Protein chains: 2
Amino acid sequence: MTQYVYDFTQGSKDQKALLGGKGANLAEMTKLGLPVPPGFTITTQACREFLQIGSEPGDLRVQVTMALRQLEDQLGRRLGDRHDPLLVSVRSGAQFSMPGMMETVLNVGLNDASVKGMAEETGNERFAWDSYRRLLQMFGKTVLEIPGEVFSDAWDKAKSAKGVTGDLELDVDDLKEIVEVFKAEIKNATGSEFPQHPREQLDLAIRSVFQSWNTDRAKLYRRRERISENLGTAVNVCTMVFGNLGDTSGTGVAFTRDPASGQAGAYGDYLANAQGEDVVAGIRNTLSLDDLRELDPASHRELTRVMRRLETHYRDLCDIEFTIERGKLWMLQTRVGKRTPAAAFRIAAQLVDEQLITLDEALGRVSGAQLALLMFPQFDRAAEKTLLTKGMAASPGAAVGKAVFDSETAVAWAARGEQVVLVRRETNPDDLSGMIAAAGVLTARGGKTSHAAVVARGMGRTCVCGAEALNVDPVARQIKVGDTVIAEGDEISIDGSTGEVFAGAVPVVPSPVQTYIESGVDAALAELTAAGGDGGGDGETAQLVKAVDRLLTHADQRSRLAVRANADTAEDAVRARSFGAQGIGLCRTEHMFLGDRRTLIERVVLADTGDERDAALEALLPLQRQDFIDLLTAMDGLPVTIRLLDPPLHEFLPDKTELAVKVAVADATGEVDPKDRKLLAAVERLHESNPMLGLRGVRLGLLIPGLFALQVRAATEAVIELTRAGKRPKLEIMVPLVGSVMELHLVRLESEQIIKELVAESGLGDKGLDIPIGTMIELPRAALTAHRIAEEADFFSFGTNDLTQTGWGFSRDDVEAAIFAAYLEKGVFTISPFETIDADGIGRLVKIGAEEGRKTKPDLKLGVCGEHGGDPESIHFFHDVGLDYVSCSPFRVPVARLEAGRAAAAGTPTEEI
Amino acid sequence: MTQYVYDFTQGSKDQKALLGGKGANLAEMTKLGLPVPPGFTITTQACREFLQIGSEPGDLRVQVTMALRQLEDQLGRRLGDRHDPLLVSVRSGAQFSMPGMMETVLNVGLNDASVKGMAEETGNERFAWDSYRRLLQMFGKTVLEIPGEVFSDAWDKAKSAKGVTGDLELDVDDLKEIVEVFKAEIKNATGSEFPQHPREQLDLAIRSVFQSWNTDRAKLYRRRERISENLGTAVNVCTMVFGNLGDTSGTGVAFTRDPASGQAGAYGDYLANAQGEDVVAGIRNTLSLDDLRELDPASHRELTRVMRRLETHYRDLCDIEFTIERGKLWMLQTRVGKRTPAAAFRIAAQLVDEQLITLDEALGRVSGAQLALLMFPQFDRAAEKTLLTKGMAASPGAAVGKAVFDSETAVAWAARGEQVVLVRRETNPDDLSGMIAAAGVLTARGGKTSHAAVVARGMGRTCVCGAEALNVDPVARQIKVGDTVIAEGDEISIDGSTGEVFAGAVPVVPSPVQTYIESGVDAALAELTAAGGDGGGDGETAQLVKAVDRLLTHADQRSRLAVRANADTAEDAVRARSFGAQGIGLCRTEHMFLGDRRTLIERVVLADTGDERDAALEALLPLQRQDFIDLLTAMDGLPVTIRLLDPPLHEFLPDKTELAVKVAVADATGEVDPKDRKLLAAVERLHESNPMLGLRGVRLGLLIPGLFALQVRAATEAVIELTRAGKRPKLEIMVPLVGSVMELHLVRLESEQIIKELVAESGLGDKGLDIPIGTMIELPRAALTAHRIAEEADFFSFGTNDLTQTGWGFSRDDVEAAIFAAYLEKGVFTISPFETIDADGIGRLVKIGAEEGRKTKPDLKLGVCGEHGGDPESIHFFHDVGLDYVSCSPFRVPVARLEAGRAAAAGTPTEEI
């Protein structure tokens, strides 16, 4: 028979899938000999089977009976016995934490008889009747699904009838009366009496926990947090212990280190003479652990011993729930604790110092996502702030600006130089221009996968979404939050890393981690010392900087993937190098022709004759050469991959519709400029209905004579000039959008000829003008025929953006906003495939390309450029596939370095915190 | 050591790659004991190595010496001996026939001494000196690269000096003088004497054949005919035999059956007292083989015996070259002969009757391409025609119309109802509108891969290209061909199946094969009998119809692939069924909303509210249901695959630029219709920069509530209605553009619910409303995750058009004309991947999809729709991959049936003829 029930003495912390997080850790603590109230766990499998068949599976009831009997024997008490009854709590506990989402029933086992036994045994009659009252209330609401107000109203009525306000002012008789009222309400609502049989209470409570897996709010939570629907919850049945048995009792929660700052030393809240729910409800002010030491030195000593044991055993920050019953400490829960990004780095470094974990393991305790958060500018922690509300942290950063309520205003105000924050109930594609214009986006509705969140993350805009307390009134152009009103033009501040929304302009300070990344530890510490706010360079922030440095340095030593940057200008290259980039993996040469220089390419495209075109190209040569000289100088000694012109040519031409309108209106009202008419004809001729699949990349190079040749010439001349000057330029030429080996062959043939001639002319002789020629692998066919393409390539660089576009058939520009929000909502994606590489589909193409390319050339250099190169999860995938480098935007370089190290140290990414 | 030289007694016909076609067949005939002059073949490998290293590889010279010595020993004569000299011919012979493209040198071995020995031995001094003269002329031109005019001018001068016009009027002394003149010209041109040493002559001739592989015209020919550059040619060194030794000598070419009509019985030309080059030159009128029977019965008998032997051995039509030397027959060449499409079918059927081949083998002798040609309307063979010239047969069909010289005229004249043929020197993308308007396209320049040819084939326009004799003058608007002038508006007729261009309007007759396909053998024969021109139904054409029927019937029996049609209307379905379609593999439901019904979809797209949208959808229901009823009725009992709406929604909206111009002009000049302004806003909102990668297919279905539901409802209601009426509708529902199993899952869930409800309402009960739900596999990711998608699919239909678009990153609309002509010219493609499936790249996706889909569901039905489904080579690929059916346009159904049978009979396609 299947084992559905595990005594706490049977399980271990590695059995979370079966016993849930809570159950597994209770078992682990029991095994460690820590003071856990005895009990047992009903498995998630039992829950799954219950939900499927609608009733208790197999001999579950029998197994519960056996476990219960064992518990009773061990304690010498019986569930709901009329003398000294055993009472139990029944709590949910799923594999992944879903705080507050599912049900709990305490004091199971109390009834009209056992309440008296309890009163006798504890010598505290009021306590017994209060416990019975709590059971009725909780059971009524949770198990019998009676609205909570029925009980709270009756409770309030009893107090006002007596003319008191505090709960404690009700005496035993009042409570006895209320018990009768509650029982009557239950009878009234359900038509049946409250079940007096203790075992019936237990069975109903277990059922109710099972069923709570499928409440709407639990389902919503899982969708948001990407937790599978099919896991089910375990049920923990645990002997009740009481923190509300007088002044020598109490209850608390604690962390083994400060989860906000990472500061070493236990940290927690304690409430004397209270039950756990009282702590959570926040009715009374809690005490600190130091207060507990004074109040009850023995329990504090025991608690400290337990926490130290847990840290040594779990080798990580733990959080715990405990209860002291008349001076005896009981552990009700523990788990590895969540923490802020700063705490994650500091704690990881501390644990290494304490020799609890290795540096490799420390890398497993932090993540690139955390590092990225630490690098954003932050609101000044010292500044005074007025917190309006808190929404979801949808896209990180700290944005300050005037509140605006529509896109037009956002665009108009931004155009006159104002910082704005776009506030909407929710966004839709029409809001795109406003989102682009704004410093940040704030919405009242929608989760982390809503349109606003997806789009904002895509463009790196700070975003807080789903701040449901906001009452957004776009007509009145204002927000109400409680009594506060924010009108259009009032300043607000939003923190995309925490979800906080502040009234007014909160001062923003640069991130010390960012300073460290750019300028090193000493500079960051000096800045801190100068600012004076952090203990002269040895405070919390200084320790954070040192911890980041230590882990990042170790990551660099460990990583097998090199990290390069995508950079198109010398400035970008300098910044990337300061961020630790080991070269440029992608220089988009088309970006060198934006702005004023756009017309240069326009002339090439519009040339009527070959001579005109050659002249237009000739004019480009000195500019392009200087571009390359600057770039190679900035990256001297490191590889620089130049991608030959890639985008559709019409990107360099005027917009077709605008031009057509201009010509037609001029036609209708006066005289058309003949130049415009000619231009329009050209634009119409070159117009493509799907430019992303049209004349671009290598196709341009093969169809426009001299275009690629010009670029190769400019780059080679730059290398020759720098080599003459004693520099060490390391140029690599990359051909875009290759689908067939023949395309690459033709470009290579022409390029090699040009290089050969220029080298011969230069008089440099044979000395080291080694210019590898490689290709993007960015079309499915390129990946599928990589074994052929490798014959002509010195390196591959996977263009996973385009590979995703064509592999999925998604135009990034078009569909991301319109379709992706819906697809995330419907569960087609768990994350946008442009954000994290789709390992099953697009990743498989990368794998095929890598493996088959190396079959042809075992030492083929393999890299990836495009935004996946800076995405943590994707980096682990690229590591596993065996690539040599990733290339990403300069700002992501540190993240990529850390993740590359983590991938090498562990092989698999740890869960993001 | 590598064997570079093979005696004719060593090789066989299967060694074409090594010995070339000519060498392999000479060896085969030698092996058969047929009278082949002794000789040897130098391999293609020797040629390849020669071309690579620039000199004779390894011990090639030694091997030639050995082979020559063996030849001399066998014949008892020595090369160039002063008494009875052995003379040899040196001919090229590549793996694939390249007629006239490479060099030949005859009479090698003659010099000042041996010419006398030859004169003595043959007793014919004039013949000997004439042979020497020919050697000097041919060697001078071919080996020494002296312009041919140098020799022909001298020859003409000699004749005019003597006052004669015929070659035969020059006597021995004249010839001796000419020999001196030729030798002087050689000395003059090269600075050296004509090489007297026979072995030197031989070595130089061999070298010159090697080198002729790389002449410009040979390269051009190979590019046109898609022959690899890397094969090289073999060299055949063969004992000379002479057809010009008097009246008992002669030379001829023959076919074992008529290659034009397929009529049984030998067929050929003979010229007495002549050498092969005289036959080719066409100076004298040739005799028929019947004439030869009278002239030289013994040789005729021997020739007939040889030809019968060859047919029995090769089991196919052979063509041969032969020479009779003083009454002794010598075979100089044989090969399997080229033939017309009609001949191919008739001969294949005859060979089956003669029990030389099986019906399976007969299928290998014909092709779908040939059948397609036979199905086109043809010019009336009986009509009088004025042939202007012949170009390349670029896109089949018979087109008649008025000659026009630019696109504007073509469009204008076509608009007023005239048939036009667009005549251009060459076409470019600007000619597209004219090509669409014209019945046919004729160009003076460019080959089968030129812009005109590629585009015309793509749109099924008749096209003749590269008719170089045409002098096209677009300014004067006329063509000159020799003295004939065709002015704008004059009628011309072009035959895209033969390349012929006729003056005037040639009457077009329907193809009897087409009649057979549509209406069966009896109808076609009756039509022939009625026309009276074909021997009362038993003439050549009747035999052709019967042969096609026989092979097509066998193909249907053999094929494992079913053939369905792509059809969107009941008319198309009826036609497809008459062509033998076994169902509809693709009904593009968006085509049902063209024309007047376009606005119906527009209303859905533009709906401001859910209610408006529902109302718009509701209006579609009865129309769509009737569409499906009609279609299912036409295909009663056969499967009909309905594809849910696929195209980008903006296809149903006005053009953005046009509308913007309209609104702007109205704005500038008067009042704008507010409806237009609202429409423009909607069009702008829905505009996509890459609609092919945007909101289409299943994405539409998931984003527009009720859209797919409407279609599923309409289709199911149609099935219910027909089932009630006792029909056998076999509906299949297909979901387009699925990239992830979740998309299909969601549509399937909704569809099954609708079907279930409708069936329940219908009262039909459980009886057989089996409606499979499947998906297109048309995105690379779908193929790569087919094992997952198969979980939710009852069938896959590979959409290889879109798979090619996304796999290659080519927008079919945009790039085909602009890029493909260039890519074909540069050798990136050998054929457009939209025409024949790219087996290495896109085909690999199909293979992955098929294999992995079947891993999940072993009996998953697999098909292909899209144009590759009608392409012969692609069909063989789909057969090999193990698909269950192909679906193609109705007109291609017979072609697909034949090719499906051929694939099953043989496994691999034979070379197209």
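Treat the numbers as computed from the prediction; the structure is a model and nothing was measured. Naming convention: chains lettered A, B, ... in sequence-line order (proteins, then strands); numbering from 1 in each chain.
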| Would A/T806 and B/T806 count as having a side-chain donor-acceptor pair, cut-off 3.5 Å? | no

| remark: If one checks every heavy atom of B/S740 against chain A at 4.5 Å, the contacting part turns out to be both

| query | What residue in B/A668, B/A782, B/G807, B/A664 has the most heavy-atom pairs under 4.5 Å with chain A? | reply | B/G807

| message | Minimum heavy-atom separation for A/D840 and B/T785, please, with both atom names. | response | O-CG2, 4.0 Å

| field | Closest-packed option against chain A by number of heavy-atom pairs under 4.5 Å, given B/V665, B/V828, B/L803 | value | B/V828

| For A/W808 against B/R699, the heavy-atom pair lying closest together | O-NH2, 2.8 Å

| Straight-line distance of B/T657 OG1 to A/L659 CG, nearest 0.5 Å | 10.0 Å

| Where on A/L702 is there a heavy atom nearer than 4.5 Å to chain B: the side chain, the backbone, both, or neither? | both

| note | Heavy atoms of B/S689 and A/P691 approach each other most closely as O-CD, 3.2 Å

| field | A/D838 versus chain B, the contacting section by heavy-atom distance below 4.5 Å | value | side chain

| request: Pick one of side chain, backbone, both or neither for B/L779, based on which atoms fall under 4.5 Å of a heavy atom in chain A. | output: both

| task | Answer with side chain, backbone, both or neither: which region of A/I848 has an atom nearer than 4.5 Å to a non-hydrogen atom of chain B? | result | side chain

| task | Please report the C-alpha distance between B/R781 and A/L845 in whole Å, then the side-chain angles of each, then the deciding distance to 0.1 Å, and finally whether the side-chain contact (heavy atoms from CB on, under 4.5 Å) criterion is met. | result | CA-CA 9 Å; B/R781 189 181 194 275; A/L845 286 175; over 6 Å; no

| remark: Heaviest contributor of heavy-atom pairs below 4.5 Å to chain A, chosen from B/Q805, B/E743, B/K656, is B/E743

| query | Non-hydrogen atoms of chain A under 4.5 Å away: do they reach the side chain of B/V698, the backbone, both or neither? | reply | both

| Can you say whether A/K662 sits under 4.5 Å from chain B via the side chain, the backbone, both, or neither, judging by heavy atoms? | neither

| message | Around atom CZ of B/R748, are there more than 12 heavy atoms from other residues, nucleotides or ligands closer than 6.0 Å? | response | yes

| A/R844 side chain to B/L784 main-chain N or O, any donor-acceptor pair under 3.5 Å? | yes

| note | Rounding to 0.5 Å, atoms CG (B/L693) and CG (A/N690) come to a distance of 6.0 Å

| said: With rounding to the nearest 0.5 angstrom, report the CG to OH distance, B/L703 to A/Y823. | reply: 7.0 Å

